[in-house]
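Working notes for the structure below.
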Amino acid sequence: MENKTEILKDIKCPGDVKNLDKKQLEILCQEIRDRIIGATSKNGGHVGPNLGVVELTVALHIAFDTPKDSFFWDVSHQGYVHKLLTGRNDDRFEKIRQSNGLSGFLSREESEHDAFGAGHAGTALSSALGRCIARDLSKKDDHVVAVAGDAAFTCGITLEALNNISSSTKRFILILNDNEWSIAKNVGAFSKYFNELITNPAYTRLHKDAESFLTQMPGGPSLMKFLSKAKRDTKELIAPSSIFEKMGIRYLGPIDGHDVQSLVRFFEFAKTSDEPIVLHLLTQKGKGFPVALEEPEKWHGSGPFDKDTGKSKSSSPNAPQKFQDVFGECLSNLAAKNENIVGITAAMPSGTGLDALHRAIPERFFDVGIAEEHAVLLAAGMATEGKLPVCAIYSTFLQRAYDPIIHDVCLQNLPVTFCLDRAGLSPNDGPTHHGLFDISYLRCVPNGIIMQPKDEDELQDMMATGITSGCPAFIRYPRGEGVGVKRKDIPVPLQIGKAEVLYKGSLCAIWAIGDFVQTALSIADRFKEKYGIQITVVNARFIKPLDVETLLEQVKTHQCIVTIEDNVLMGGFGSGILEEFEQNDITIPVKRFGWPDKFIEHGNSVEELRSKVGLDKESLYKSIEDFLSLKDQVATPIFA
Ligand SMILES: Cc1ncc(C[n+]2csc(CCOP(=O)(O)OP(=O)(O)O)c2C)c(N)n1
């Protein structure tokens, strides 16, 4: 173990970290950092969060024994160190978030050391509590540890769990990994409160004393007596009870989250606690990588970069603007002209592009923390007072707010506009982040309109349509760059429920949404070239209400209908068309293309993942050709 690069290589299972000495642990932590920076520099990943939990994770694996003991990581984007220590330091780590590489999150399928998978925030405390209750019922004695970032305390679910812990179990260990950042700077009263705890000299002194006490005399009960006495003596004036203690959860902190030996002592102590306990750890997001320390928001999640300079490798100067940036710019322009427009984000100001509104009109920008359910209710309340709220929430995270969408916004027909970025695939993130369900979960709710633009200019028009519609409006658009079309200076509201017929033809009409419109056009071009047949291509624009008039017209002049969408087939856009046919007693061959009834893994790119289920351009062309029985025939379609 003398060679500087030897230690991590020899860690094959968590037990291997237990016997390392102080110096070896220091080297191990450095090697882990190098490994994370090396791997993420190639393919991107959650750099800052992982660099911040190196010591904390090493200490966890020294003090606890997974898989007997279990860790419940909130979001689990910070699980790379845990992966490296649990037998996954191989080629798959090198390709993390890529095809045949490890997932960027924890996954029960990936390892027995991953007690619980995640990707959405706020799930750690509730799921860990569930595990504790099950353990207690089974009369087992293993330890359950929830690790949650400070931003997890902006989530309603975290608070619901906190409310439930002390009445449900005596043995619950919570690690609060406080780095003061969500993706952006953390917001809200809890964040301020944690800061007060950190800066309260009484706590700092008390726990410095506690730490040195632990160093001298390891042993939980004595420490507890010491702490209780200290509090009694000072009648809580010097060390006021934390909010956790008032909820029946013993609080210890603030604790240096980068000192492995000290952390191990605190964790060993937590194992002996006969009451639920929270350890408040202070960590630095991006620790050990100066560029990440300087810009924690940028380095929360990064694309490929030069590991020496930190310079991004993925930015191509001539790339079209991203949908999120078009959204932000357009909203700021619309809001400048209409003072009722307000923007709401649930902890994703830069990811959604809503930070543009923050820069332009800060008083009409609201970051509510990781609180999608609250964000939607807040919007509903604002709408009752004449405001025109725009909720910018990723498709996958809007799932959190389903009840307020139905019960508060749609039932009361309130004019809230939802802009759902990341509709479709988030290829590197995988199943927790793909936005493949929103059409199905929104289409069945009365009163709302649902739109999907084929390009950035249409996104602007749809925003104008939604905001002026007077009803709930949902606009879904994909992650990443637009197609590079020229945008009008002033967006024009669309006629609600009217599709755009791009090619007028016969035989078959393809109804597509989003970027599949472009695919449909190129398929039509190929048919024209190969068979001399012009087929119809429709940009549906509105998933709801469907342009039934145009659809029923086309039934008279076409022999089949094809639909293509970036959503699960069940309950999706194509299903809506089938329902219309059923309602109108129409029987016509229909072929729907969309995502199958299974979770889609992570992978390299949208195109690659689409090709696995036959949704890439070439497969679609061939499938439609087969459906029309055109193959090997020249200009004699079977339906002719
Ligand atoms: C429901 C939900 N909304 C938004 C996100 C996007 N998101 C991923 S990580 C993160 C911030 C997490 O901050 P924190 O828990 O403090 O951990 P840190 O990254 O600072 O270590 C957010 C907002 C999410 N994962 N889930």
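- With respect to the salt-bridge test (charged N to carboxylate O, under 4.0 angstrom), the residues Asp34 and Lys307 do not qualify.
- Heavy atoms only, all atoms of each residue included: Pro431 and Phe599 are closest at CB-CB, 4.2 Å.
- For Phe366, there are no ring pair (Phe, Tyr, Trp, His ring centres under 6.0 Å) partners, not counting sequence neighbours.
- Pairs passing the salt bridge (charged side-chain N to carboxylate O under 4.0 Å, His left out) check and including a residue from residues 95-124, sequence neighbours excluded, read Lys83-Glu110, Arg88-Glu110, Arg88-Asp114, Arg97-Asp429.
- Across all non-hydrogen atoms, the minimal contact from Ile183 to Trp181 is O-CE3, 3.7 Å.
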Worksheet item: For Phe323 and Phe327, what are the C-alpha separation, side-chain angles and deciding distance, and is it a ring pair (Phe, Tyr, Trp, His ring centres under 6.0 Å)?
Response: CA-CA 6 Å; Phe323 275 102; Phe327 159 78; over 10 Å; no
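- Judged purely by atom type and a 3.5 angstrom limit, Ser99 has no side-chain atom pairing as donor or acceptor with the backbone of Gly603.
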Worksheet entry | Arg135 and Asp141: CA distance, side-chain angles, deciding distance, salt bridge (charged side-chain N to carboxylate O under 4.0 Å, His left out) verdict | CA-CA 7 Å; Arg135 172 202 60 200; Asp141 64 353; over 6 Å; no
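- A salt bridge links Arg35 to Glu94: one of the charged nitrogens lies within less than 4.0 Å of a carboxylate oxygen.
- For Ser70 and Asp142, the side-chain atoms include no donor-acceptor pair closer than 3.5 Å.
- Taking the side-chain hydrogen bond (donor to acceptor under 3.5 Å, both in side chains) definition, one finds that Thr57 meets it with nothing, sequence neighbours left out.
- Between the side chains of Asp438 and Ser395, at least one donor N or O sits under 3.5 Å from an acceptor N or O.
- Partners of His61 according to the ring pair (Phe, Tyr, Trp, His ring centres under 6.0 Å) rule, which considers only residues two or more places apart in sequence or in another chain, are Phe71, His82.
- Sorted pairs that involve residues 15-45 and meet ring-ring contact (aromatic ring centres under 6.0 Å, His included), not counting sequence neighbours, are lacking altogether.
- Between the CG atom of Leu51 and the NE2 atom of His46 there is a distance of 12.5 Å, given to the nearest 0.5 Å.
- Remark: side-chain polar atoms of Ser126 are not paired, donor with acceptor, to backbone N or O of Thr123 under 3.5 angstrom.
- Applying the salt bridge (charged side-chain N to carboxylate O under 4.0 Å, His left out) rule to pairs touching residues 46-59 yields Arg33-Glu55, sequence neighbours excluded.
- Side chain of Glu295 to backbone of Ala292: no donor-acceptor contact under 3.5 angstrom is found.
- When side chains are defined from C-beta on, Asn50 does not count as touching Val54, because their heavy atoms never get closer than 4.5 Å.
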Worksheet item: Yes or no on salt bridge (charged side-chain N to carboxylate O under 4.0 Å, His left out) for Glu180 and Lys185, after CA distance, side-chain angles and deciding distance?
Response: CA-CA 7 Å; Glu180 298 180 25; Lys185 191 81 181 161; 3.3 Å; yes
Worksheet entry | Derivation of the ring pair (Phe, Tyr, Trp, His ring centres under 6.0 Å) call for His77 and Phe105 | CA-CA 5 Å; His77 61 313; Phe105 299 93; 7.3 Å; no
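- At a threshold of 4.5 Å between non-hydrogen side-chain atoms, the residues Ser440 and Asn567 count as touching.
- For the salt bridge (charged side-chain N to carboxylate O under 4.0 Å, His left out) condition, no pair includes a residue of residues 151-175, sequence neighbours left out.
- Take Phe397 and apply the ring pair (Phe, Tyr, Trp, His ring centres under 6.0 Å) test, not counting sequence neighbours, and it matches His120, Tyr394, His433.
- Here the side chains of Asp178 and His280 are in contact, with some heavy-atom distance below 4.5 Å.
- No hydrogens or angles considered: a donor-acceptor pair under 3.5 Å links the side chains of Thr283 and Asn177.
- Every residue two or more places apart in sequence or in another chain that forms a salt bridge (charged side-chain N to carboxylate O under 4.0 Å, His left out) with Arg92 is listed here: Asp90.
- Nearest heavy atom pair, residue Cys391 against residue Ala379, reads SG-CB, 3.6 Å.
- Summarising the geometry of Pro404 relative to Leu377, their closest heavy-atom pair is CB-CG, 3.9 Å, with the distance given to 0.1 Å.
- Remark: the Arg479 side chain and the Gln324 side chain contain no N/O donor-acceptor pair separated by less than 3.5 Å.
- Between the side chains of His300 and Lys285, at least one donor-acceptor pair of N or O atoms lies under 3.5 Å.
- Looking at residues two or more places apart in sequence or on another chain, you find a ring pair (Phe, Tyr, Trp, His ring centres under 6.0 Å) between Phe289 and Trp299, Phe305.
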Practice prompt. Tell me, with the steps shown, if Asp65 and Lys18 meet salt bridge (charged side-chain N to carboxylate O under 4.0 Å, His left out).
Written response: CA-CA 10 Å; Asp65 294 306; Lys18 292 189 195 295; 2.9 Å; yes
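- By the side-chain hydrogen bond (donor to acceptor under 3.5 Å, both in side chains) test, Ser350 is found to be paired with Glu297, residues two or more places apart in sequence or in another chain being considered.
- A donor-acceptor pair under 3.5 Å is formed between the side chain of Asp306 and the backbone N or O of Thr309.
- There is a side-chain donor-acceptor pair under 3.5 Å between Thr66 and His113.
- No donor-acceptor pair closer than 3.5 Å links the side chain of Ser182 to the backbone N or O of Val187.
- In this structure, the side chain of Tyr402 engages the main chain of Tyr441 through a donor-acceptor pair within 3.5 Å.
- Between Ala423 and Asp566 the shortest heavy-atom distance is O-OD2, 4.5 Å.
- The existence of a salt bridge linking Glu268 and Arg265 is excluded, since no basic side-chain nitrogen approaches an acidic carboxylate oxygen closer than 4.0 Å.
- Legend: side-chain hydrogen bond (donor to acceptor under 3.5 Å, both in side chains) pairs involving residues 369-378, not counting sequence neighbours: none detected.
- The aromatic rings of Phe244 and Phe153 sit perpendicular, their planes meeting at an angle over 60°, well past the 30° parallel limit.
- Heavy atoms only, all atoms of each residue included: Asp256 and Leu263 are closest at O-CD2, 3.6 Å.
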